[in-house]
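The sequence lines fix the lettering, A, B, ..., with proteins before strands; numbering per chain opens at 1.
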Amino acid sequence: MTKTLKWMGAAGLSLFAALPAFAQEAASAVAAAAGPIKASDAAFAAAQAGMVNKGDTTWMLISSALVLLMSVPALALFYGGLVRTKNMLSLLMQVFMIVSVAALVWVSYGYSLAFTSGGPFIGGFSKAFLAGVSTTTYAATFSNNVYIPEYAFVVFQMTFACITPALIVGAFAERIKFTPLILFTVAWLTFAYFPIAHMVWYWAGPDFLVDAPTDVGFLWGKAALDFAGGTVVHINAGIAGLVGCLIIGKRLGFGKEATPPHSLTMTMIGASLLWVGWFGFNAGSNLEANGLAALAFINTFVATAAAAVAWCIIEQLHHGKPSLLGAVTGAVAGLVAITPASGFAAPMTSIVLGFVASGVCYVFVAIIKNKLKYDDTLDVFGVHGVGGIVGALGTAIVADPALGGQGWVDYTVFPAIPGEYVMADQFVSQLWAVGVTVLWTGIVSAVLFYALKLTLGLRPSEEAEREGLDLSEHGERAYNY
Amino acid sequence: MTKTLKWMGAAGLSLFAALPAFAQEAASAVAAAAGPIKASDAAFAAAQAGMVNKGDTTWMLISSALVLLMSVPALALFYGGLVRTKNMLSLLMQVFMIVSVAALVWVSYGYSLAFTSGGPFIGGFSKAFLAGVSTTTYAATFSNNVYIPEYAFVVFQMTFACITPALIVGAFAERIKFTPLILFTVAWLTFAYFPIAHMVWYWAGPDFLVDAPTDVGFLWGKAALDFAGGTVVHINAGIAGLVGCLIIGKRLGFGKEATPPHSLTMTMIGASLLWVGWFGFNAGSNLEANGLAALAFINTFVATAAAAVAWCIIEQLHHGKPSLLGAVTGAVAGLVAITPASGFAAPMTSIVLGFVASGVCYVFVAIIKNKLKYDDTLDVFGVHGVGGIVGALGTAIVADPALGGQGWVDYTVFPAIPGEYVMADQFVSQLWAVGVTVLWTGIVSAVLFYALKLTLGLRPSEEAEREGLDLSEHGERAYNY
Amino acid sequence: MTKTLKWMGAAGLSLFAALPAFAQEAASAVAAAAGPIKASDAAFAAAQAGMVNKGDTTWMLISSALVLLMSVPALALFYGGLVRTKNMLSLLMQVFMIVSVAALVWVSYGYSLAFTSGGPFIGGFSKAFLAGVSTTTYAATFSNNVYIPEYAFVVFQMTFACITPALIVGAFAERIKFTPLILFTVAWLTFAYFPIAHMVWYWAGPDFLVDAPTDVGFLWGKAALDFAGGTVVHINAGIAGLVGCLIIGKRLGFGKEATPPHSLTMTMIGASLLWVGWFGFNAGSNLEANGLAALAFINTFVATAAAAVAWCIIEQLHHGKPSLLGAVTGAVAGLVAITPASGFAAPMTSIVLGFVASGVCYVFVAIIKNKLKYDDTLDVFGVHGVGGIVGALGTAIVADPALGGQGWVDYTVFPAIPGEYVMADQFVSQLWAVGVTVLWTGIVSAVLFYALKLTLGLRPSEEAEREGLDLSEHGERAYNY
Amino acid sequence: MKYIIAIIKPHKLDEVREALAGQGVSGMTVTEVKGFGRQKGQTEVYRGAEYTTNMIPKIKIEVACSSDAAPSVIEAIQAAAETGSIGDGKIFELDLVGATRIRTGETDAAAL
Amino acid sequence: MKYIIAIIKPHKLDEVREALAGQGVSGMTVTEVKGFGRQKGQTEVYRGAEYTTNMIPKIKIEVACSSDAAPSVIEAIQAAAETGSIGDGKIFELDLVGATRIRTGETDAAAL
Amino acid sequence: MKYIIAIIKPHKLDEVREALAGQGVSGMTVTEVKGFGRQKGQTEVYRGAEYTTNMIPKIKIEVACSSDAAPSVIEAIQAAAETGSIGDGKIFELDLVGATRIRTGETDAAAL
Ligand SMILES: Nc1ncnc2c1ncn2[C@@H]1O[C@H](COP(=O)(O)OP(=O)(O)O)[C@@H](O)[C@H]1O
Ligand SMILES: Nc1ncnc2c1ncn2[C@@H]1O[C@H](COP(=O)(O)OP(=O)(O)O)[C@@H](O)[C@H]1O
Ligand SMILES: Nc1ncnc2c1ncn2[C@@H]1O[C@H](COP(=O)(O)OP(=O)(O)O)[C@@H](O)[C@H]1O
């Protein structure tokens, strides 16, 4: 979700271009009558209701289902296939339960902390337990006078809160106790995810910002561009993963024993479903089904394809053979990198971004990691952290209208108008977003991991680890052929 | 699909709240002009056509695809992963072919028997072979003056008729002959599913009920609430499964040989895709993409999460370890229980319902079954039957507006208005639905299973069963690594 | 996508039947004002924008995601499960990378060659690198005055260009080098797929044809009916596969060694997801979410079910046992056959078509192939080639309004009107489409395969083939249990 | 000491284990194998291609025991594994010259 | 009697089986094993991490036969399994002191 | 010559291989087996049904070596495979009457 004062108009305008004529009339009628709608309006709810399009509602619901698909089974399989048989099930279990717990936390107080007005760093508890949310309340989009049912927005955002902590577990796979991990998840969502989501994504909304220009999250105010969560989701998870694997330590026999993926078939299924689901993640983040959503969709498609091709070419040159694991790793790197840029880039610049991200991630995953010998088991940092940073900074470039990008639009007037794009300024905004996210999540994660390590402990016994977490933590085997 | 006189208005009203202003105008124009549309209207078809929204059509089509996804591959994998390798393929085959056969039966006469006017217990043959259905006929929703293409309704309902008999096979997995099972499927659909679907789901429609208040199915008339098929699908299948496993008998070596799941990986993939597909099942049952569909969607999400968490906590306490199989079993129990309540409950009450259903199902699956020693192999009764009953009765509680529920709305006036909710009365309605379903399907299933047992026989030879159904029934192996 | 002068009106009319009244008013307003919109109109873009419905946009985006799902993971698993373990990964890799490369080729020049005006056999380069495509350009549908965002059309068409070359690889699975295959893909898309797509699918559009009746592709002008790509996708791939397996030659030990599928579980997952994704392929090809899309959806469902049942019955009679592999092979044959007919047939005639296609394909797959001893390893010709031809010719029959078909509509007037259906004439049109496709792709494929065979070589060394392509081509194993 | 190798039908494993336990045999090693012999396998048909494999899944049991125990062990296995139908399998007896328990280093009789 | 254990390359199994059939050997037991020896395995690369395993997939064949038949059986296996490249495998010959056919209780020669 | 069969814990394989290499043993054959003995397995619970299997995954190593080498080989395996906890496994020593290298036809000592 791009959540900055600046760009919103892009959606706004393109919407005006895209809206059915009669709707336009309806809309401008409203506009003409009262400019932006006001919460004070007597006819407020009705007015909003009149600005909901069932095509958008369908798009948000199916996009939410697609993002859940990304977590279960996609991410679980992508990760699970890469570990040894004896730990397969523990990965599936961790992802499945993190998603479940995160969903409960989200509706309890997460949505309220992230998406209600409060300070610049965190929201309030006014919507805790979804107080006040009903089938007749609506959430703003990025277009003037366009709304979606609030429940659809709550559930779409929920799927993001579910997948982000699940991404982290790959960094310390095969060596973590289940219960402490679940506790970490709850704490990390509370102190890292919700604040950062609020900082990056909270704002008053296109029709209300005019009257409340300061009612925005901190990084939002810094005017960073992040269409679908490069900072909040990927950098956030990538850094937490890196901190985690450093604090938890290496697996037994790391570097000595060979640990080939137990099923690249599962990993390929996972990667493919991640690709499919990511369209809900990126194009769904537009919150409307219009030409801009279609742009985000095609950018997501081609950046991924380019990154997969790039990784294979590099492997061909480096090892003489392109591998499936390389192809899908590249694809995910491309998906991560295009996430913040998906609604800003043009298809051709998306391809370039995919190529670059693939190359940079390759260096971290296949070279630097092996040099530094830290055990980021499934390359959460190497792919999500690094790829997320490449994407976040690259957004400043590809968003430039001079390169066919969507630029940004000034939302402080009604209706919104295009703003003047200065790449250098934008790059600074992006640096702000990356820097704050890295520091905040790095510190919070370190504190939480240490606290758990010193209390409950994070690692199973050596024997349990050797036997595998499936049996020792869950009393099951993944396969009994 | 909630299909009772009472609640429909809920959708109706929320729709009026949600419809774009101009549409509202259009609608009320019609309304003003002629109140509810009448089949007699000269401009009948055109009038209906004018009440179709492409956002709803898209929603119904994608929901249908999601429900097919629930059967194949989701249910097939969920079940297949739980059996021994030598029977994996037989489960996949049974589910795949039951879906195929059910689809053909549905368009031949099932749709007509279930959804045309007839007696209170069964419809007629007026639409056999889809006679009279075309691209320009429309089906009613639960809102006044809102229609969807009839083909979309036919296919959405078809996916329900496809998955229900497939759910049954889990109860007697690893020990049934293929051909008799297919014959059972056809007969059971005809004598159990279609009548119950008619009793629960048939009614004249929001714009026509006013003039034909008695043109409804029997249980519909009893005013039971069943948003997405807790009775018709889950209780129906759960009871048939229980009857089946009792008549067919236990597997060879039951209780003696260990029969651990051959691939919990497959079971987890299946459970995850069931979760994803279930949004089409529950939210799609709203027949419209509005705020109420979004409510059903989020309820489905959180009830499932809550049930998965609950099962894990119970296992932790009972066995000292939470298991993946427990987590996904709980998730499915939650999905089953929220099904009838998904459009009535509030997110928070959905969570409670998920917790309760998980606990009750655990008792049946992990304790009572082991005590009574019947071989409901994959817990079709324990999860679908029991969970369905918990959900059906619980709906009377969570639907109460006093608890944030949607209540019911009186459809006997136009436009519909909210009705006065009395929990006790509603509970009686729910008991009617549960009782009639249990009795009807129990008797029909018993008769059919006995008839087949005494004629073609239901079980393969001991040797065939020992060798596994994959080779003996289908001449294949699931794996040749 | 039916892309003939004739039928389009079908969609046109049904749309007028289906469109919301107010939209109808809006539309007819435009119509009344200016008849078909003209590129010359000052208000051209705005006029088009006013003819976009968000329900359609959502439908096209989700359909695109579904078609990608068909390639990865569905097709990859369907194929991969059928080969030996040592080649599993090579199939996954081939499909994944062909999709990635095809996507890049498509946006670079494929879309332009296929969908811009040029000669009757190929388009031009005016939209190379998507020049001129933006969030405010729109693509025509098959209805007057109905448009979708051009990016949505580009990406939907892209998914077709991605899956078609991937279909081919099954014919010479287990014995092809990776790099030459990728080069073949690029060349084959350029010289076979884009021209045929242009010939069959390019036309001026419903609102512009009136003024440019000759601005159409060659086969389009021949008035062939192909709703979703029976010729362009299936016959095209089927023939290329046949040519390929003949030129590349048989696998080592073909006929001697037993080569049972290594995982029918994966094949079943693939087939199931193909079924689910195919709704996007067929119903999405309608480019609008209306009653006609619902018809294509249900036809796709029941034809598949019928074909699966038919194959099982034939196996029961022929071998005494129905098999899962038979069921899913039949299902795919049915999906292939209904593809060109999905928007023209009635559900009951679709069932007949499914039965027939299943029988004919069985003869080729299970009898003729074994007689002639060519090694079309995964039956690309037997299922896609043969099934595609059955479907293409059968379309002439099932489309007949006398049999409940949709017939064709004359687009040379505005608004479009139904045309008079002559089955014999239509059959001739279908023969044209089949003949030209077979010849064109046969010749192009032969030239390309020979060229590669004589230069880079197509086959790995005997030792590499014996060891398996996973290790020899990609340096990985699919499984390390 | 003797080293006894038995090839049996998979579903007979539990019975054989019980029979051996009855003989006081404290341990054994089990391997999944494929057997080739008189017994013919099921015909498998994949898209019309028929395979009749003669490689039948079997279980191989290895038991080390004292020479005196050997006869009764063999008898016990034979009795427990028999179904009377072709493919029941074989029992092979080899001489065992030495045995060591890794955990303790005990050898021969003490190691079993 | 002799108990012959042969380690061969997997794709040679069919040829060896035919060769043994030619020798009138009615049965054998086959196991999938991993072999460690002179032959080096393929290098596998996963995200830049290289593995060169020396554990090569092999097939282990066990055949019980009469002492007289042993030499020709060994010869037949050796001839059929040979490719001339490193890793062809080994044939080991052990003494077999007893054999029993489970189905019939027949022993020794009669059991084979 | 001797034919040595060792049953060890799976995670000890690498150490045993190194130890054997130290003894100049050029090759071995490895099989995944299930072991039954004193060691009790993990309890698995599936939907409330508890399974405690005594079939523990083990690795079986087969090594042919000269009679002189045998003692040191056995020692090396025992030393490398020992953890001191129940289930460490066994080492069995059998007589090997003949060996053949398939590739070359070399026999006995030369074949190892
Ligand atoms: N000569 C042999 N050497 C080793 N194993 C054998 C031999 N003959 C048979 N077997 C094993 O015994 C199993 C059963 O033998 P088979 O001839 O099929 O039945 P039966 O033992 O009843 O005669 C075979 O599957 C094979 O595993
Ligand atoms: N000393 C041994 N004991 C048991 N098996 C052995 C021994 N040496 C080799 N093998 C088996 O024989 C196979 C082939 O041996 P290797 O040295 O690789 O090639 P070659 O037999 O051509 O010299 C090995 O993979 C292993 O399975
Ligand atoms: N009599 C036996 N014959 C063959 N293998 C045996 C025998 N006894 C034990 N084993 C093998 O040795 C393994 C370890 O034996 P166990 O009794 O569990 O522990 P320990 O060797 O420490 O006493 C068993 O799992 C089994 O594979």
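Ranked by heavy-atom pairs under 4.5 Å with chain C, the first of Gly81(A), Ala331(A), Gly404(A), Ala308(A) is Ala308(A). Across Leu89(C), Thr57(C), Leu61(C), the residue that shares the most heavy-atom pairs under 4.5 angstrom with chain A is Leu61(C). Among Ala103(C), Ser108(C), Ala65(C), Ala289(C), the residue with the largest count of heavy-atom pairs under 4.5 Å with chain A is Ala65(C). Note: Pro322(A) leads Pro260(A), Pro322(A), Gly320(A), Ala283(A) in heavy-atom pairs under 4.5 Å with chain C. Ranked by heavy-atom pairs shorter than 4.5 Å toward chain A, the options Pro149(C), Ser90(C), Ser100(C) are led by Ser100(C). Most heavy-atom pairs under 4.5 Å with chain A: of the set Met88(C), Met158(C), Gln94(C), this distinction falls to Met158(C).
Going from atom OG1 of Thr135(C) over to atom CD of Glu150(C) covers 11.0 Å, rounded to the nearest 0.5 Å. Atoms CG and CG, on Leu274(C) and Leu66(C) in that order, are 11.5 Å from each other to the nearest 0.5 Å. Atom CD of residue Gln157(C) and atom OG of residue Ser64(C) lie 9.0 Å apart, to the nearest 0.5 angstrom. Rounding to the nearest 0.5 Å gives a distance of 3.5 Å between NZ of Lys54(C) and CG of Asp56(A). With values rounded to the nearest 0.5 angstrom, Leu287(A) atom CG is found 9.0 Å from Ser143(A) atom OG. Atom CG in Leu75(C) sits 12.0 Å away from atom SG in Cys162(C) (nearest 0.5 Å).
You'll find the ring centres of Phe301(A) and Trp106(C) outside the 6.0 Å limit. Annotation: Tyr138(C) is not in aromatic contact with Phe153(C) [ring centroid separation under 6.0 Å not met].
In this structure, chain C has a heavy atom under 4.5 Å from the side chain of Ile351(A), while its backbone stays farther away. Within the 4.5 angstrom heavy-atom criterion, atoms from both the backbone and the side chain of Tyr479(C) approach chain A. With a threshold of 4.5 angstrom between heavy atoms, Leu295(A) approaches chain C through its backbone and through its side chain. Heavy atoms closer than 4.5 Å to chain A are found in both the backbone and the side chain of Leu69(C). In this structure, chain C has heavy atoms under 4.5 Å from both the backbone and the side chain of Leu325(A). Glu315(A) does not touch chain C: none of its heavy atoms, backbone or side chain, sits under 4.5 Å away. If you measure heavy-atom distances from Met60(C) to chain A, you find no contacts under 4.5 Å at all. Of the two parts of Ala306(A), the backbone and the side chain both hold a non-hydrogen atom closer than 4.5 Å to a non-hydrogen atom of chain C. Interface residue Ser472(C): only backbone heavy atoms are found under 4.5 Å from chain A. With a 4.5 Å cut-off on non-hydrogen atoms, Glu476(C) touches chain A through its side chain but not through its backbone.
A tilted orientation is assigned to the rings of Phe125(C) and Tyr109(C), their planes being inclined by 30° to 60°.
Of the candidates Asp207(C), Thr137(C), Thr141(C), Tyr147(C) forms a side chain to side chain donor-acceptor pair (under 3.5 Å) with just one, namely Asp207(C).
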